[in-house]
Amino acid sequence: MALQHITVIGAGTMGNGIAHVFAQSGFSVVLVDVNPAQLEKALQTITRNFDRQIGKGTVSQEQKQKALANLTTDTDLAKAVSKADLVVEAATENAELKLKIFKQIDEAAPAQAILATNTSSISITKIAAVTQRPGKVIGMHFMNPVPVMKLVEIINGYATEATVTDAIVQLSTTLGKIPCVVNDYPGFIANKILMPMINEAIYSLYEGIAGVDSIDTIMKLGMAHPMGPLQLADFIGLDVCLSILNVLHQGFGNPKYAPCPLLVNMVTAGKLGVKSGEGFYVYSGGSKELVVSNHFKK
């Protein structure tokens, strides 16, 4: 399959990162969002990230200019997907929203186009079922930050065609990523393993077994994790963690996936981590120093 024209739906953190790597790899990319201000912010972020790459010597100024020339933006979804070979949806992790978007994409995209979702937990089979092309629907779960992280978790829905999987594996390799193919069950592999660990770390804090700094330091120094589970939860977004745990809990019906009450309370209180300025740690003024939230200081 010749996949050259790429449309990315959603100009948030994941969407702009996905658009960045496709444009950098020479693909023609349209980045779509209903909010023009979000598109402008995404372009600024992409430009800034290219400048960071230039500073590290991983790309040149010429490569940056070529990549930005490959990238356009649009607020009209139907128009943006009308000539796409591949559509990658990277909207908010909300099942109802994604199903609505996929119905719209399916109606407007060429019949041969592959429809991919960047979901980290929502069933590919469920998403595919609202389209007229379930065999051409697949998961492409990129990791954040997309320009840096090598993994792409490729998720086959129940009806995904083998030729589609092969095309997405080859495409991911072209992007300089390492594809890993998994099957469609709640949480796939990445979050089926990661989220219970994060949840257990939150339970350990909730039960008073150890403090924030101790929990994260033990996992970093003892288990060679580059980031402790509580800091990682802040980075992902505590609301996203809660949403994924709920998907796991409901999907498997196993109480081991039930989210910790502390996590539920923090999300209810709006303490979502980096995005809100406070979670298990406090984030302010661009400082990279980890400062534990006053709520968890003894």
Side-chain angles (χ1 to χ4, degrees), residues 1-11 14-34 39 66-67 69-91 95 97-120 122-142 146 151-184 188:
M1 295 182 183
L3 305 176
Q4 182 57 38
H5 299 283
I6 315 297
T7 300
V8 179
I9 310 294
M14 296 305 295
N16 74 58
I18 293 167
H20 177 132
V21 297
F22 273 110
Q24 184 178 337
S25 297
F27 293 89
S28 173
V29 183
V30 182
L31 180 60
V32 183
D33 201 286
V34 294
L39 288 170
K66 284 183 177 179
N70 291 333
L71 178 61
T72 58
T73 62
D74 209 321
T75 56
D76 186 334
L77 185 147
K79 175 188 169 189
V81 304
S82 63
K83 297 180 180 179
D85 300 315
L86 169 69
V87 181
V88 182
E89 172 273 320
L97 175 62
K98 287 186 186 292
L99 296 180
K100 179 182 177 182
I101 289 172
F102 266 80
K103 286 180 182 178
Q104 295 174 331
I105 296 170
D106 186 48
E107 291 171 359
Q112 74 277 8
I114 296 174
L115 311 185
T117 173
N118 184 58
T119 183
S120 57
I122 298 167
S123 168
I124 308 303
T125 304
K126 183 176 182 178
I127 292 172
V130 303
T131 75
Q132 300 300 310
R133 64 181 91 193
K136 288 184 166 54
V137 177
I138 195 166
M140 284 188 83
H141 180 204
F142 290 84
V146 180
L151 175 65
V152 179
E153 189 179 30
I154 297 173
I155 308 103
N156 284 324
Y158 189 85
T160 304
E161 298 165 3
T163 53
V164 170
T165 305
D166 291 344
I168 296 303
V169 167
Q170 183 178 347
L171 178 68
S172 300
T173 303
T174 301
L175 295 176
K177 304 300 185 185
I178 298 173
C180 292
V181 180
V182 306
N183 291 318
D184 184 24
F188 317 134

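Computed over heavy atoms, backbone and side chain alike; hydrogens, waters and symmetry mates excluded.
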Result of checking N70, L86, L3 against F22 for side-chain contact (heavy atoms from CB on, under 4.5 Å):
L86

Less than 4.5 Å apart, side chain to side chain, heavy atoms only: is that true for V87 and I114?
no

Any side-chain heavy atom of T73 within less than 4.5 Å of one from V32?
no

For L151, side chain to side chain contact (heavy atoms under 4.5 Å, CB included) partners two or more places apart
M143, C180

T119 vs H141, side-chain contact (heavy atoms from CB on, under 4.5 Å): CA-CA, chis, key distance, verdict:
CA-CA 6 Å; T119 183; H141 180 204; over 6 Å; no

Of the non-hydrogen atoms in S82 and P110, which two are nearest, and what is the gap between them?
O-CG, 3.3 Å

Given F188 and N183, is the side-chain contact (heavy atoms from CB on, under 4.5 Å) satisfied, shown in steps?
CA-CA 7 Å; F188 317 134; N183 291 318; over 6 Å; no

Going by the rule side chain to side chain donor-acceptor pair (under 3.5 Å), which residues pair with T165 if we only count those two or more places apart in sequence or in a different chain?
N156

Can you name the side chain to side chain donor-acceptor pair (under 3.5 Å) partners of H20, sequence neighbours left out?
Q24, Q53

Can you name the residues that form a salt bridge (Lys or Arg N to Asp or Glu O under 4.0 Å) with D74, not counting sequence neighbours?
K79

What one should report as the nearest heavy-atom pair of V29 and A23 is CG2-N, 3.6 Å

Does some side-chain heavy atom of T117 sit less than 4.5 Å from a side-chain heavy atom of I122?
no

Partners meeting side chain to side chain contact (heavy atoms under 4.5 Å, CB included) with A11 (sequence neighbours left out)
L31, D33, Q38, L39, A42

Identify the heavy atoms of A109 and L115 that sit nearest to each other, and give their distance.
CB-CD2, 4.3 Å

Hey, could you give me the NZ/CZ distance between K177 and F142, rounded to the nearest 0.5 Å?
7.0 Å

Would M140 and N118 satisfy side-chain contact (heavy atoms from CB on, under 4.5 Å), going step by step from the backbone distance to the final call?
CA-CA 5 Å; M140 284 188 83; N118 184 58; 5.6 Å; no

With sequence neighbours left out, the residues meeting side chain to side chain donor-acceptor pair (under 3.5 Å) with K98 are E89

Do E153 side-chain atoms and G139 backbone N/O form a donor-acceptor pair below 3.5 Å?
no

Residue set satisfying salt bridge (Lys or Arg N to Asp or Glu O under 4.0 Å) with K103, at least two apart, ordered chain then number -> none

Sequence-distant partners of S123, side chain to side chain donor-acceptor pair (under 3.5 Å), two or more places apart
D184

Which pair of non-hydrogen atoms, one from A128 and one from T131, has the smallest distance, and what is that distance?
O-OG1, 2.8 Å

Under 3.5 Å, side chain of T125 to main-chain N/O of Y158, donor-acceptor pair present?
yes

To the nearest 0.5 Å, what is the distance between CZ (F102) and CD1 (I127)?
5.5 Å

CD on Q104 to CG on L99, rounded to 0.5 Å
11.5 Å

To check you understand the geometry: which heavy-atom pair defines the closest contact between G135 and V164, and what is its length?
O-CG2, 3.5 Å

Can you confirm whether I101 sits close enough to I9 that some side-chain heavy atom of one is under 4.5 Å from a side-chain heavy atom of the other?
yes

Heavy-atom nearest pair, T75 first then V34, reads CG2-O, 4.3 Å

With distance as the sole test, does T7 use its side chain to make a donor-acceptor pair with the main-chain N or O of V30 at under 3.5 Å?
no

Sequence neighbours excluded, the answer for side chain to side chain contact (heavy atoms under 4.5 Å, CB included) partners of A108 is A78, V81

For I105 and L77, what are the C-alpha separation, side-chain angles and deciding distance, and is it a side-chain contact (heavy atoms from CB on, under 4.5 Å)?
CA-CA 7 Å; I105 296 170; L77 185 147; 4.1 Å; yes

Under 3.5 Å, which donor-acceptor pairs do the side chains of residues 169-176 form with other protein atoms, sequence neighbours left out?
unit_1: S172; atom_1: OG; unit_2: I168; atom_2: O; d: 2.8
unit_1: T173; atom_1: OG1; unit_2: V169; atom_2: O; d: 3.1
unit_1: T174; atom_1: OG1; unit_2: Q170; atom_2: O; d: 3.0

Any V146 side-chain heavy atom under 4.5 Å of M14 side chain
yes

d(K83 NZ, D85 CG) to nearest 0.5 Å is 11.5 Å

Taking only residues two or more places apart in sequence, or in another chain, which ones meet K100 in a salt bridge (Lys or Arg N to Asp or Glu O under 4.0 Å)?
none

Considering only residues two or more places apart or on different chains, which pairs with a residue in residues 106-118 satisfy salt bridge (charged side-chain N to carboxylate O under 4.0 Å, His left out)?
D106-R133

